[in-house]
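Basis for what follows: all heavy atoms, side chains included, without hydrogens, waters or symmetry-related copies.
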Amino acid sequence: MDIKYTSTRDNSVSVPASAAIIKGISKDGGLFVPCSFPKLDKSFDELAKMNYREVAYEVMKLFFTDYSEEELKGCIERAYDTKFDTEEIAPLAEVDRTYYLELYHGATIAFKDMALSILPHLMTVAAKKNNVDKEIVILTATSGDTGKAALAGFADVPGTRIVVFYPKYGVSKVQEKQMVTQKGANVKVIGITGNFDDAQTGVKNIFGDDAFNAELEKKGFCFSSANSINIGRLIPQVAYYVFAYSRLVLEGRISAGDKINFTVPTGNFGNILAGYYAKKIGLPVNKLICASNDNKVLFDFFKTGIYDRNREFILTSSPSMDILISSNLERLIYFSAGADSNKNSELMKSLSATGKYEITSEMKNEMADFVGGFCTQDEVSATIHDIFEKTGYVIDTHTAVASGVYSKYVKETGDNTPNVIVSTASPFKFTRSVIEAIENEKSDKDDFELITRLSKVANISVPAAVSELESAPVLHDTVIDKEEMEKSIASFLGL
């Protein structure tokens with residue numbers, strides 16, 4: 001089955017996967033989505049006998065149909081290698097009657113590694129397939145984790161450059177240090193004085209600036225994205241949902257065909273959308289529980305059918321979820337509207353003009369797979385503390401949002417369907433918040449002193465990605481106003 005990709009804002013668009021990956025975002029501002037969904041062609045009993053790389057191939061081959069078997073397997077082998085610090089690339093931990101899918105064992109200790117390890121390889125193959133003779137400039141906004149994972153993936157990759165924008169005062173100390181110490185002749189990290197939504201909007205506007213893009217093209221450059229708006233980021237994430245299910249089958253926790261729930265800490269909506277795509281290709285998913293922090297724009301949306309970003313932006317202890325414009329939600333809106341690009345465009349124009357839109361009752365019914373929930377910062381701290389006290393298991397602030405929301409969901413619904421919490425970051429990435437929650441007191445110690453403290457208290461080793469940071473030199477110290485983003489890119493590219 002040959003899968004083509006169209007735009008959420010223009011149904012006349014039809015391109016192969018490799019072209020969608022190179023472009024990143026459609027010329028009309030829409031996101032690329034598959035024109036149809038394939039179906040898994042291996043049984044769950046067969047998948048249970050496979051390792052992560054093999055499962056990833058069985059998923060990605062369905063979507064990336066213009067890649068040959070040799071090309072795709074090559075990308076997978078290069079991506080999922082020894083950079084992961086556990087034998088099982090995405091291990092499942094059973095804790096207090098639920099399962100935690102640990103997606104943070106890669107080079108940058110966050111779930112973004114799962115997709116950003118492979119994107120550079122998919123993109124360089126795609127460039128050859130599409131006869132791209134220009135240098136690809138990866139343009140990315142990050143709320144903390146995408147930035148480092150993208151930088152690590154693209155650093156010194158021939159034929160590419162990468163520019164990452166992050167909110168200067170909206171990420172953890174470890175997240176920032178990971179980014180500003182990144183080596184590579186082709187990388188640039190820039191802090192902005194706004195928040196993540198400002199960075200993300202700025203990147204989208206740059207993609208849509210025809211004059212600037214034309215100038216770049218004349219100079220031998222073309223833009224692409226490493227955010228989850230790039231379909232090459234999103235599809236690899238589908239694989240770990242299928243893999244998690246296959247492990248539960250392998251371990252006899254469920255029988256092939258049994259339904260399970262996934263609870264996902266959610267900001268930009270890419271991670272949980274990958275779970276929705278997994279269901280579309282045949283994974284027996286019962287509910288996708290969308291977990292929000294105090295910036296609960298998605299919780300309110302699933303409850304009311306009204307998306308409204310006109311509210312206070314709250315900086316929380318789970319900064320990667322401090323988002324009011326969830327870009328990937330557009331893909332769900334498009335499908336819930338019956339793949340109607342005109343209807344979707346109308347809603348996105350309303351979001352741009354007024355900061356909100358309202359979906360129809362029919363569209364809301366199409367989203368019945370999703371359940372919204374949220375946790376306050378106090379609830380997040382209590383969740384980290386209580387799980388550690390009860391089980392000795394340590395989770396980060398984002399995973400704690402999901403864990404707290406799942407507990408509420410079970411109390412409210414009585415739904416005891418087996419559940420997988422998608423665990424998104426190492427606790428060492430948010431050490432201060434985690435150790436203060438465990439010990440139930442504030443600390444005036446340096447963040448790196450607290451890393452040692454957390455390791456001792458929790459009896460877990462400090463990941464290499466963190467231990468080497470303290471003495472790493474800062475290589476990127478540029479901070480700009482959000483209005484200067486385009487100018488800063490031009491400067492970096494020597495325009």
Using a distance-only test with no angle check, is there a side-chain donor-acceptor pair under 3.5 angstrom linking [X] and [Y]?
| X | Y | answer |
| --- | --- | --- |
| K173 | T431 | no |
| E88 | Y52 | no |
| R233 | N230 | no |
| S381 | D378 | no |
| Y100 | S403 | yes |
| N293 | D322 | yes |
| S433 | S317 | no |
| T316 | D294 | no |
| T142 | Q200 | no |

Around atom CG of D156, are there more than 12 heavy atoms of other residues, nucleotides or ligands at under 6.0 Å?
yes

Report yes or no: does [X] contribute a side-chain atom to a donor-acceptor pair with the main-chain N or O of [Y] at less than 3.5 Å?
| X | Y | result |
| --- | --- | --- |
| D369 | L288 | no |
| E379 | T376 | yes |
| T201 | D198 | no |
| H476 | I190 | no |

Minimum side-chain heavy-atom gap [X]-[Y] below 4.5 Å:
| X | Y | result |
| --- | --- | --- |
| P236 | M60 | yes |
| I136 | F154 | no |
| P38 | K61 | no |
| E54 | K49 | no |
| Y245 | L47 | no |
| V297 | S292 | no |
| R161 | V187 | no |
| P91 | H105 | yes |

Measure the spacing between [atom1] of [X] and [atom2] of [Y] and express it to the nearest 0.5 Å.
| X | Y | atom1 | atom2 | answer |
| --- | --- | --- | --- | --- |
| F313 | I323 | CZ | CD1 | 7.5 Å |
| Y57 | M50 | OH | CE | 10.5 Å |
| N186 | K188 | CG | NZ | 13.0 Å |

Aromatic ring proximity [X]/[Y], centre distance under 6.0 Å:
| X | Y | value |
| --- | --- | --- |
| F111 | Y240 | no |
| Y276 | Y241 | no |
| Y393 | F388 | no |

Mind checking ring-ring contact (aromatic ring centres under 6.0 Å, His included) for Y99 and listing every partner two or more places apart, or none if nothing turns up?
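Once residues adjacent in sequence are excluded, Y99 has no partner under the ring-ring contact (aromatic ring centres under 6.0 Å, His included) criterion.
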
Taking it one step at a time, do K390 and D96 satisfy salt bridge (charged side-chain N to carboxylate O under 4.0 Å, His left out)?
CA-CA 8 Å; K390 188 175 181 180; D96 196 21; 3.1 Å; yes

side-chain contact (heavy atoms from CB on, under 4.5 Å) partner of [X], chosen from [options]:
| X | options | result |
| --- | --- | --- |
| P427 | L454, I109, I435, I395 | L454 |
| E449 | I451, T452, D446, D447 | D446 |
| T424 | L101, N271, V401 | N271 |
| K168 | I192, T478, V479 | V479 |

What are the two closest heavy atoms between [X] and [Y], and how far apart are they?
| X | Y | value |
| --- | --- | --- |
| S143 | V171 | O-CG1, 3.7 Å |
| K83 | R78 | NZ-O, 3.5 Å |
| T146 | L116 | O-CD1, 3.5 Å |
| S225 | M123 | O-CE, 4.0 Å |
| T266 | M321 | N-CE, 3.5 Å |
| C375 | V380 | CB-CG2, 4.1 Å |

Ring of F374, cation from K296 - is the NZ or CZ under 6.0 Å from the centre and inside 45° of the axis?
yes

Kindly assign one of parallel, tilted or perpendicular to the pair F223 and F207, based on the angle between their ring planes and the thresholds 30° and 60°.
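Perpendicular.
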
Would K23 and S224 count as a side-chain contact (heavy atoms from CB on, under 4.5 Å) here? Give the steps.
CA-CA 5 Å; K23 291 173 187 293; S224 190; over 6 Å; no

Reference residue D145; test side chain to side chain donor-acceptor pair (under 3.5 Å); the match among K429, H398, Q178
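Among the candidates, only K429 passes.
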
Distance-only criterion, 3.5 Å: show the donor-acceptor pairs between side-chain atoms of residues 62-69 and protein atoms not counting sequence neighbours.
unit_1 : atom_1 : unit_2 : atom_2 : d
T65    : OG1    : D2     : OD1    : 3.0
T65    : OG1    : I3     : N      : 3.0
D66    : OD1    : S18    : N      : 3.4
D66    : OD2    : S18    : N      : 3.4
D66    : OD2    : S18    : OG     : 2.5
Y67    : OH     : L122   : O      : 2.7
S68    : OG     : E71    : N      : 3.0
S68    : OG     : E71    : OE1    : 3.4
E69    : OE2    : K73    : NZ     : 2.7

Step by step, would you call V132 with I22 a side-chain contact (heavy atoms from CB on, under 4.5 Å)?
CA-CA 9 Å; V132 174; I22 284 291; 4.2 Å; yes

Could you tabulate the donor-acceptor pairs under 3.5 Å formed by side-chain atoms of residues 483-495, not counting sequence neighbours?
unit_1 : atom_1 : unit_2 : atom_2 : d
E484   : OE1    : D481   : N      : 2.9
S488   : OG     : M485   : O      : 2.6

Salt bridge between K177 and E470, side-chain N to carboxylate O under 4.0 Å?
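No, this pair does not count.
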
Might you work through the side chain to side chain donor-acceptor pair (under 3.5 Å) test for N227 and S327, ending with a clear yes or no?
CA-CA 10 Å; N227 283 85; S327 286; over 6 Å; no

Can you list the steps and then say if T399 with S423 is a side chain to side chain donor-acceptor pair (under 3.5 Å)?
CA-CA 5 Å; T399 305; S423 189; 3.1 Å; yes

Criterion side-chain contact (heavy atoms from CB on, under 4.5 Å) on V137 and C222, from CA distance to verdict:
CA-CA 6 Å; V137 181; C222 64; over 6 Å; no

Let me see the working for F269 and R331 under side-chain contact (heavy atoms from CB on, under 4.5 Å), right down to the final yes or no.
CA-CA 9 Å; F269 208 73; R331 286 182 162 118; over 6 Å; no

